[in-house]
Chemist: 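Input: one structure, supplied below.
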Amino acid sequence: MSKILIRGAKVLGGAPQDVLIDGETIAEVGTGLSAEGAEVVEADGKVLLPGLVDLHTHLREPGREDSETVLTGTRAAASGGYTSVFAMANTFPVADTAGVVEQVWRLGKEHGYCDVQPIGAVTVGLDGQKLAELGAMHESAAGVTVFSDDGKCVHDAVIMRRALEYVKAFDGVVAQHAQEPRLTEGAQMNEGVVSAELGLGGWPAVAEESIIARDVLLADHVGSRVHICHLSTAGSVEIVRWAKSRGIQVTAEVTPHHLLLTDELVRTYNPVYKVNPPLRTERDVMALREALADGTIDIVATDHAPHPHEDKDCEWAAAAMGMVGLETALSVVQETMVDTGLLDWAGVADRMSFKPAQIGQATGHGRPVSAGEPANLTLVDAAYRGQVDPAGFASRSRNTPYEGRELPGRVTHTWLRGKATLVDGKLT
């Protein structure tokens, strides 16, 4: 079994320490460590975090391999410091059966850049009419515990209630894409001053907030867990805060792009800024940051949504919604949360590793950086600053809103159970 000695790393941003990896496990953490025959990685004060966990990734395979595959998506994940990702169900065919989720899970095992945990669809074909095979997907080799129709809302309250009741039997969770469809027909961007000036169909905040309000009440009634995907408005924050104060089992995520970007960017008519839910106002952005800092929002999730060039290089109305995010997420969180003083690196580890692993029951991930724990780790050069160049992405798609933008931080190394997947910023 190979040994790796990481020397002088700031574990969770603390004082420099040495970390010895022996095989798949962290053997020792301390100062002045040595190990005969070990490969030495000089951290030189870089920040060492537990491997990141993304509860919301679109890998597109099967069916849209022109956008992404499990291989390219997990390579992008490793580049961004992730050791585990949860793959959304809106593939072709939809991941609504044991067979499809097992296919995705096995592809992740085969490629080995990070663990892939499939998310099962809540309804057959994502059409909101009939519950999918939730129990069969949970009992499959993939062991699905998270279910979502992401990309579409489970808009029928009866179907949502039944899903919450069903997953309660095995402590699963329904991850809701909160979007009332009747309120967003023809919507192109956030409803507000900018949409009015541009003449684009508005996407009102209440379309998100009304579904969240309904679903936290349903979760309370049933006594089950509900997770809110890509929360994006100040009003949504207040609803989740209220629900948590009542002891309702609700968790929520925010994307990096909703922590940084606003609807003012839509004035460029560049479809790279078209996303679901849409970019909101500066007031919403500030509310999201504060909520992530105080724990109202539990986690950061990328909503990595790759699209081929032709689906974004077109007029705004015809463009697909979504942005890639795995390779830039940590940098955006550093800029918006760490460099602003809202979170320290231990807080980043909590929001991007510990809690997402807990919500999704990702065994072996989101664990402390201490002896006896799995060696799922990422090393970050927090002092680095550089421009984002999508030409260097491992993802098959390039639809990033950060092209040419200077961002802080760079992942230099990622280890999955002691095996290096990224070394000096290059995939192994």
Side-chain angles (χ1 to χ4, degrees), residues 52-56 148 150 153 173-179 190-192 203-217 219-220 225-264 275-303 323 325 328-360 366:
L52 307 184
V53 177
D54 188 18
L55 201 65
H56 192 147
S148 181
D150 182 64
C153 178
V173 62
V174 178
Q176 176 67 293
H177 173 113
Q179 177 192 351
N190 178 55
E191 182 178 282
W203 189 306
V206 70
E208 174 174 304
E209 295 157 8
S210 59
I211 294 294
I212 295 174
R214 182 200 75 178
D215 287 354
V216 295
L217 292 173
D220 188 30
R225 293 199 296 146
V226 65
H227 178 75
I228 308 303
C229 295
H230 41 51
L231 185 149
S232 70
T233 77
S236 296
V237 166
E238 292 308 312
I239 295 167
V240 171
R241 186 173 281 132
W242 171 84
K244 288 190 170 188
S245 75
R246 292 279 298 264
I248 298 172
Q249 297 181 78
V250 57
T251 53
E253 71 191 32
V254 64
T255 71
H257 49 270
H258 285 113
L259 290 172
L260 181 59
L261 309 177
T262 74
D263 61 354
E264 288 290 335
V275 66
N276 181 350
L279 300 179
R280 303 290 189 178
T281 66
E282 184 72 16
R283 173 178 171 270
D284 293 310
V285 167
M286 292 300 110
L288 295 174
R289 292 184 188 183
E290 291 170 10
L292 183 63
D294 69 23
T296 301
I297 295 176
D298 300 84
I299 67 170
V300 175
T302 69
D303 193 11
M323 305 166 171
T328 53
L330 191 56
S331 291
V332 175
V333 170
Q334 181 179 335
E335 174 154 310
T336 58
M337 302 300 296
V338 179
D339 292 354
T340 58
L342 290 170
L343 280 181
D344 57 14
W345 284 107
V348 173
D350 180 71
R351 308 313 194 267
M352 298 186 75
S353 183
F354 299 147
K355 280 186 179 167
Q358 182 182 28
I359 294 167

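Positions are given from 1, in the same order as the sequence printed here. Remember, predicted model here, so these are calculated numbers, not experimental data.
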Chemist: Quick one: closest heavy-atom pair of Leu343 and Val348, and the distance?
Modeler: CD1-N, 4.3 Å
Chemist: State which residues pass side-chain contact (heavy atoms from CB on, under 4.5 Å) with Thr262; sequence neighbours excluded, sorted by chain then number.
Modeler: Glu264, Glu282, Val285
Chemist: CG/Leu279 to CE/Met323 distance, rounded to the nearest 0.5 angstrom?
Modeler: 4.5 Å
Chemist: When you compare the side chain of Leu231 with that of Val254, does any pair of heavy atoms fall below 4.5 Å?
Modeler: no
Chemist: Kindly compute the distance separating CD (Glu290) from OG1 (Thr296), expressed to the nearest 0.5 Å.
Modeler: 10.0 Å
Chemist: Looking at every non-hydrogen atom in both residues, tell me the closest pair between Pro356 and Leu55 and how far apart they are.
Modeler: O-CD1, 3.9 Å
Chemist: Could you give the distance from CD1 (Ile212) to CD (Glu209), rounded to the nearest 0.5 Å?
Modeler: 7.0 Å
Chemist: Quick one: side-chain contact (heavy atoms from CB on, under 4.5 Å) partners of Ala349, sequence neighbours excluded?
Modeler: Leu12, Leu49, Pro50, Phe354
Chemist: So which pairs with a foot in residues 337-351 pass side chain to side chain donor-acceptor pair (under 3.5 Å), sequence neighbours left out?
Modeler: Asp350-Lys355
Chemist: Going through the distances and angles, do Ile228 and His177 end up as a side-chain contact (heavy atoms from CB on, under 4.5 Å)?
Modeler: CA-CA 7 Å; Ile228 308 303; His177 173 113; over 6 Å; no
Chemist: Mind listing the closest non-hydrogen atom pair of Asp284 and Ala234 along with its distance?
Modeler: OD1-N, 2.9 Å
Chemist: What are the two closest non-hydrogen atoms of Cys229 and Glu253, and how far apart are they?
Modeler: CA-OE2, 3.4 Å
Chemist: Do Val332 and Thr336 have side chains that approach each other closer than 4.5 Å (heavy atoms only, starting at C-beta)?
Modeler: yes
Chemist: Any non-hydrogen side-chain atom of Thr255 less than 4.5 Å from a side-chain atom of Val300?
Modeler: no
Chemist: Go through the steps to decide whether Asp303 and Asp150 satisfy the test side-chain contact (heavy atoms from CB on, under 4.5 Å), and finish with yes or no.
Modeler: CA-CA 10 Å; Asp303 193 11; Asp150 182 64; 4.2 Å; yes
Chemist: What is the minimum heavy-atom distance between His258 and Pro277, and which atoms define it?
Modeler: NE2-O, 3.0 Å
Chemist: Side-chain donor-acceptor pair under 3.5 Å between Arg280 and Ser232, yes or no?
Modeler: yes
Chemist: Can you confirm whether the side chains of Ser148 and Gln176 place a donor and an acceptor under 3.5 Å from each other?
Modeler: no
Chemist: Please tell me if the side chains of Asn276 and Gln179 come closer than 4.5 Å, counting only heavy atoms from C-beta onward.
Modeler: yes
Chemist: With a 4.5 Å heavy-atom cut-off, do Thr251 and Ile299 have their side chains touching?
Modeler: no
Chemist: Any side-chain heavy atom of Trp242 sitting closer than 4.5 Å to one from Arg246?
Modeler: yes
Chemist: Inspect the contact between Lys244 and Asp298 and indicate whether a charged nitrogen and a carboxylate oxygen are less than 4.0 angstrom apart.
Modeler: yes
Chemist: Which heavy atom of Leu52 sits nearest a heavy atom of Ser353, and at what distance?
Modeler: CA-CB, 4.4 Å
Chemist: Out of curiosity, Arg289 CZ to Ile297 CD1, how far, rounded to the nearest 0.5 Å?
Modeler: 12.0 Å
Chemist: With a 4.5 Å cut-off on side-chain heavy atoms, are Arg225 and Val174 touching?
Modeler: no
Chemist: When you compare the side chains of Thr302 and Asp54, does any donor N or O come within less than 3.5 Å of an acceptor on the partner?
Modeler: yes
Chemist: Say whether Ser331 and Thr328, considering side chains only, have a donor N or O and an acceptor N or O under 3.5 Å apart.
Modeler: no
Chemist: For the residue pair His56 and His230, does the interplanar ring angle fall in the parallel (under 30°), tilted (30 to 60°) or perpendicular (over 60°) class?
Modeler: tilted
